[in-house]
Amino acid sequence: MTEDQPLLDDHLEVGSCERCPALVASRTQIVEGVGPIDADLLFVGEGPGASEDERGEPFVGRSGDVLDEALRDAGLTRTDVRITNCVRCRPPDNRDPTAEELANCRGYLETEIERLDPTLVVTLGKVPSEHLLDRSVAITGESGDVADVRIAGASRRVLLSVHPAATLYDRSQRDGFFETIATAAELTGTGSVDGSAGDGSRGDGQSRLGEF
Ligand code: URA
């Protein structure tokens with residue numbers, strides 16, 4: 001282990017970190033990745049928002065509701081997959097993480113990817129897509145694309161996706177997002193897409209996010 005490759009514990013938890021002064025000041029807690037440490041499917045978001053900071057779990061706010069719906073439509077639940085973020089502490093005022101903050105947290109993400117060795121990594125949004133592909137990404141156009149990328153010492157299959165929050169600002173992105181999550185389930189041989197709610201509506205016909 002080097003200082004650049006911090007050690008996560010057996011549960012892949014960072015535990016404590018003070019590398020980013022602005023994030024240490026703004027966070028309530030470190031938001032660790034969740035889900036089985038041998039999951040085939042790893043979702044990588046940008047960083048915790050207010051709900052995640054409060055509850056200490058990734059994607060538990062409105063974006064998480066959309067992700068949960070899409071997983072359910074693909075025949076998965078969040079207990080089947082691992083969900084993590086590029087940075088584990090909430091940036092102030094919901095700003096994007098800086099390049100330095102992303103770099104400070106990179107070792108944790110790489111260690112998590114290396115230990116998990118997932119069949120597929122799904123990047124949720126522009127920030128994680130650019131961070132892992134190391135190039136600029138036009139995420140709306142590239143969502144659904146698959147790339148083989150060298151991460152943490154091995155070639156990893158990465159599926160690009162828009163961020164679930166994009167479906168809240170722009171409803172036209174909803175079907176594409178749900179299709180991408182279904183593709184993730186197919187590529188990993190997990191889940192069971194039955195198409196019963198493939199339009200993103202809940203099985204009971206009530207969209208939890210219908211007011212948006
Ligand atoms: N958005 C993210 O990118 N990550 C979260 O955990 C929640 C919202």
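Counting convention: from 1, in listed order, for ligands and their atoms alike.
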Inset, instruction - Show the protein residues that qualify under the rule heavy atom under 4.0 Å from an atom of ligand 1, listing them in chain and number order. - result: G45, E46, G47, E52, P58, F59, N85, H163

Legend entry - Residue pairs passing the ring-ring contact (aromatic ring centres under 6.0 Å, His included) test where at least one lies in residues 79-103, sequence neighbours excluded: none

Inset, instruction - Would you check if there is a donor-acceptor pair between the side chains of T123 and S129 at a distance under 3.5 Å? - result: yes

Legend entry - Side-chain donor/acceptor of D53 to backbone N/O of R27, under 3.5 Å: no

Inset, instruction - Output all residues satisfying side-chain contact (heavy atoms from CB on, under 4.5 Å) with H163, sequence neighbours left out; order by chain, then residue number. - result: F59, S63, A165

Inset, instruction - Give the intermediate values and the outcome of side chain to side chain contact (heavy atoms under 4.5 Å, CB included) for residues L41 and L76. - result: CA-CA 11 Å; L41 193 43; L76 294 166; 3.9 Å; yes

Inset, instruction - Name all pairs fulfilling the salt bridge (charged side-chain N to carboxylate O under 4.0 Å, His left out) condition that reach into residues 29-38, sequence neighbours left out, sorted by first residue then second. - result: E32-R88

